[in-house]
2 protein chains.
Amino acid sequence: MSDLLERLRGRGWRMTAQRRVVAEVLDGEHVHLTADEVHTRAVAKLPEISRATVYNTLGELVSLGEVLEVATDKRAKRYDPNAHRPHHHLVCAQCGAIRDVHPDGNPLADLPDSERFGFTVSDVEVTYRGICPTCAVAA
Amino acid sequence: MSDLLERLRGRGWRMTAQRRVVAEVLDGEHVHLTADEVHTRAVAKLPEISRATVYNTLGELVSLGEVLEVATDKRAKRYDPNAHRPHHHLVCAQCGAIRDVHPDGNPLADLPDSERFGFTVSDVEVTYRGICPTCAVAA
DNA sequence: GTCGCACATTAGACACCATCCAAATCAGGG
DNA sequence: CCCTGATTTGGATGGTGTCTAATGTGCGAC
Ligand SMILES: [Mn+2]
Ligand SMILES: [Mn+2]
Ligand SMILES: [Zn+2]
Ligand SMILES: [Zn+2]
């Protein structure tokens, strides 16, 4: 995701220590962190970073299409840096664990014109829910 | 939905003016109201009903499977009395208008075993997003 | 019809998530 | 190196939802 920093600089982003740190936190393994979790991890690298800046930066990354907001959790929004490979989510109803999934077929194609009511449909979000192996054993 | 009141009484629900009013608000045309919107409409019929009771009652209706919680909105949960006919939702990204839709196919079947990661998958929520005719004209 | 009590309702406090704000700071072009 | 507009900051504010202790009530038992 160091490409990310390049791309953003190209778009006129002023580069600050805070923004670099937020980008670092989102980089690497596929995560689905809440804003608060991002803040906690960012503080570990840059103790004085504020919550407001984390929210600001996440909001900008979302506007720029570099990060997705996902609402799998009925509590806080989660931020998904895997924005360039379309995918959906599988969520454990018990513990909240989230996995990226890639279903067969295209759900957009499954919505016939007669069910579009004149909308211009541009996007579809699919959330599978179930019980993960860990929680199944515990039950 | 007066059947609903019968069904609930049969399940040992104590019938109160407050619960009757909440059921009335959800009855009729297919709506997707937030808890606060339900409260506002309930107050019109029974001025002294409290927010807490609306939340309690909605929670009970959800537990009983008579109402669905939908997360189309990234802000407040919405309550869907159309719980007995499986369907999904089409949401206007601009104005938030929600329509029930019935896509072809079964999204659950589109999730291959190799993409289930050992989860017992029981449910899928599909949200289509786009621009409604009204907002398209206004643009 | 009355009584009693388990269940239901209430107001308001509280918790959590997110946004807003005005003042201080800073990145980076000139 | 300076200047200026963009960025950051702590704290206030707002929206959504839960909890609690006090009060009220539906409805089965009699
Ligand atoms: Mn993801
Ligand atoms: Mn619906
Ligand atoms: Zn789990
Ligand atoms: Zn619209």
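To find a chain, count down the sequence lines: A is the first, B the second, and so on, and within it residues start at 1.
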Check the distance between [N]'s [atom2] and [X]'s [atom1] and give it to me in whole angstrom.
| X | N | atom1 | atom2 | value |
| --- | --- | --- | --- | --- |
| B:N56 | D:dT25 | CG | P | 17 Å |
| B:R11 | C:dC7 | CZ | P | 18 Å |
| A:D73 | C:dC17 | CG | C1' | 11 Å |
| B:R20 | C:dT9 | CZ | C1' | 15 Å |
| B:K77 | C:dC17 | NZ | P | 13 Å |
| B:L8 | D:dC27 | CG | P | 12 Å |
| A:R19 | D:dA6 | CZ | P | 11 Å |
| A:D36 | C:dC16 | CG | P | 10 Å |

Nucleotide N/O of nucleotides 10-15 of chain D paired with protein N/O under 3.5 Å:
none

> Hey, which of these two, A:T57 or B:W13, hits DNA chain D nearer its 5' end, going by closest nucleotide?
Replying inline: A:T57
> For B:Y55 and B:R9, take the nucleotide of DNA chain D holding the closest heavy atom to each; which residue's nucleotide lies nearer the 5' end?
Replying inline: B:Y55
> Which residue, B:T57, B:L46, B:N56, forms the side chain to side chain contact (heavy atoms under 4.5 Å, CB included) with B:Q18?
Replying inline: B:L46
>> Distance check, rounded to the nearest 0.5 Å: A:D80 atom CG versus A:H32 atom NE2?
In response: 3.5 Å
> At what distance, to the nearest 0.5 angstrom, does CD1 of B:I98 lie from OH of B:Y128?
Replying inline: 15.5 Å
Any heavy-atom pair between the side chains of [Y] and [X] that's under 4.5 Å?
| X | Y | result |
| --- | --- | --- |
| A:L61 | A:L8 | yes |
| A:E125 | B:V126 | no |
| B:L5 | B:R20 | yes |

Is a salt bridge present between [X] and [Y], judged by a nitrogen-to-oxygen distance below 4.0 Å?
| X | Y | value |
| --- | --- | --- |
| B:R78 | B:E37 | yes |
| B:E6 | B:R11 | no |
| A:K45 | A:E24 | yes |

>> Among C:dT10, C:dA8, D:dT8, which nucleotide has an atom closest to any side-chain atom of B:T53?
In response: C:dT10
> Which one, C:dA18, D:dT16, C:dT9, comes nearest to the side chain of A:A76?
Replying inline: C:dA18
> Is any side-chain nitrogen or oxygen of B:Q18 closer than 4.0 Å to OP1 or OP2 of D:dT25?
Replying inline: no
Distances under 3.5 Å between nitrogen or oxygen atoms of protein and nucleotides 25-27 of chain C:
unit_1, atom_1, unit_2, atom_2, d
C:dA27, O3', A:M15, O, 3.3
C:dA27, N3, A:R14, NH1, 3.4

